[in-house]
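Below is one structure; the comments refer to it alone.
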Amino acid sequence: MIGRTLAIDYGLKRTGLASCDPMGITAQPLPAIVSSSIAATIAEILGHVKERQIVRLLIGMPYLPDGSEGEQAQSVRLFIDACRKALPEGFDIQHQDERHTTKEAHTLLKETGLKGKKKQAVLDSTAAVVILREFLATHC
């Protein structure tokens with residue numbers, strides 16, 4: 001059993017979330033966190049960890065096309081460090097390449113017919129679903 005994983009598409013204003021079942025079979029989007037504060041974002045994540053019995057955080061890492069890390073990756077690394085401080089020692093926190101997840105999320109949402117603000121509201125959590133699906137495909 002893989003345990004419940006919470007995938008995170010971290011953003012400075014909106015953070016997308018997705019979780020899986022304990023067997024790691026299905027990935028479901030959760031409402032995005034809208035916050036400009038790392039502390040507030042982490043507080044909501046801690047609530048999900050407790051409520052959903054999450055055993056692992058999977059955080060999308062926005063590498064540049066050449067595989068290097070840019071400014072966005074640095075802010076994600078700060079977020080990961082803050083998560084490590086807020087969670088119990090040894091809590092499983094992993095990161096995964098998310099270079100193409102937003103593009104794939106746009107493609108998935110295009111099929112739904114959502115547009116404008118409705119599409120934007122679910123885009124980040126859809127990207128988190130893509131991150132989680134890729135992880136589950138390689139770890140289950």
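Being a predicted model, the structure only gives us computed values, none of them experimental.
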Check whether Ile54 and Ile93 end up in the same hydrophobic cluster, where Ile, Leu, Val, Met, Phe, Trp and Tyr are linked by side-chain heavy atoms less than 4.5 Å apart. yes
Rounded to the nearest 0.5 angstrom, the NE2-CG distance for His139 and Leu58 is 8.5 Å
Distance-only, no hydrogens or angles: does the Thr126 side chain make a donor-acceptor pair with backbone N or O of Val122 under 3.5 Å? yes
Could you tell me whether the side chain of Pro62 reaches within less than 4.5 Å of the side chain of Val76, counting heavy atoms only?
-> yes
Between Leu30 and Arg52, is there a side-chain heavy-atom distance shorter than 4.5 Å? yes
Scanning both residues in full, the closest heavy-atom pair of Asp124 with Arg14 reads OD2-CD, 2.7 Å
What one should report as the nearest heavy-atom pair of Leu132 and Ala7 is CB-CB, 3.6 Å
### Query
Should Glu98 and Tyr63 be marked as a side chain to side chain contact (heavy atoms under 4.5 Å, CB included) after you check the CA-CA gap, both sets of side-chain angles, and the distance that decides it?
CA-CA 7 Å; Glu98 68 157 32; Tyr63 293 108; over 6 Å; no
Do the rings of Tyr10 and Phe79 sit parallel, tilted or perpendicular, given the 30° and 60° boundaries?
-> parallel
Shortest non-hydrogen pair, Ala32 vs Ser125, comes out as N-OG, 3.5 Å
* With a cut-off of 6.0 Å (strictly less than), are more than 12 heavy atoms of other residues, nucleotides or ligands near CD of Gln53? -> no
Considering only heavy atoms from C-beta outward, does the side chain of Ile42 approach that of Cys83 to under 4.5 Å? yes
### Student check: side-chain heavy atoms of Pro29 and Leu17 closer than 4.5 Å
no
Applying side chain to side chain contact (heavy atoms under 4.5 Å, CB included) to Phe91 and Val49, what does each step give before you reach the verdict?
CA-CA 11 Å; Phe91 191 90; Val49 167; 4.0 Å; yes
Do the side chains of Ile45 and Leu12 join up, straight or via other hydrophobic residues, at under 4.5 Å, putting them in one cluster? yes
(request) Answer yes or no: are there more than 12 heavy-atom neighbours, outside Glu51 itself, under 6.0 Å from its atom CD? (result) yes
To the nearest 0.5 Å, atom CD1 of Ile8 lies from atom CD1 of Ile33 at 7.0 Å
Quiz prompt | Sub-4.5 Å side-chain heavy-atom contact between His95 and Ile80 | solution = yes
Tightest non-hydrogen contact, residues Gln28 and Cys20, listed as OE1-CA, 4.0 Å
Residues Arg84 and Glu89 bridged, charged N to O under 4.0 Å
no
Between Leu6 and His48, the two heavy atoms sitting closest are CD2-CB, 4.1 Å
To the nearest 0.5 Å, atom OG of Ser36 lies from atom NZ of Lys13 at 8.5 Å
Kindly check if the number of other-residue, nucleotide or ligand heavy atoms within 6.0 Å of CD (Gln96) is above 12? yes
query: Does the Thr138 side chain pair with the main chain of Phe135, one donor and one acceptor, at a distance under 3.5 Å?
result: yes
**Prompt:** Do the side chains of Thr15 and Asp9 get nearer than 4.5 Å, heavy atoms only?
**Reply:** no
**Message:** When you compare the side chain of Leu57 with that of Thr5, does any pair of heavy atoms fall below 4.5 Å?
**Reply:** no
Margin query: side chain to side chain contact (heavy atoms under 4.5 Å, CB included), that's the test. Do Glu44 and Leu46 meet it? Break it down for me.
Written below: CA-CA 5 Å; Glu44 286 200 44; Leu46 292 174; over 6 Å; no
Q. Counting N and O atoms only, with roles assigned by atom type, does the side chain of Arg56 sit under 3.5 Å from a partner on the main chain of Ile2, one being a donor and the other an acceptor?
A. yes
Scanning both residues in full, the closest heavy-atom pair of Gly60 with Ile131 reads CA-CD1, 3.8 Å
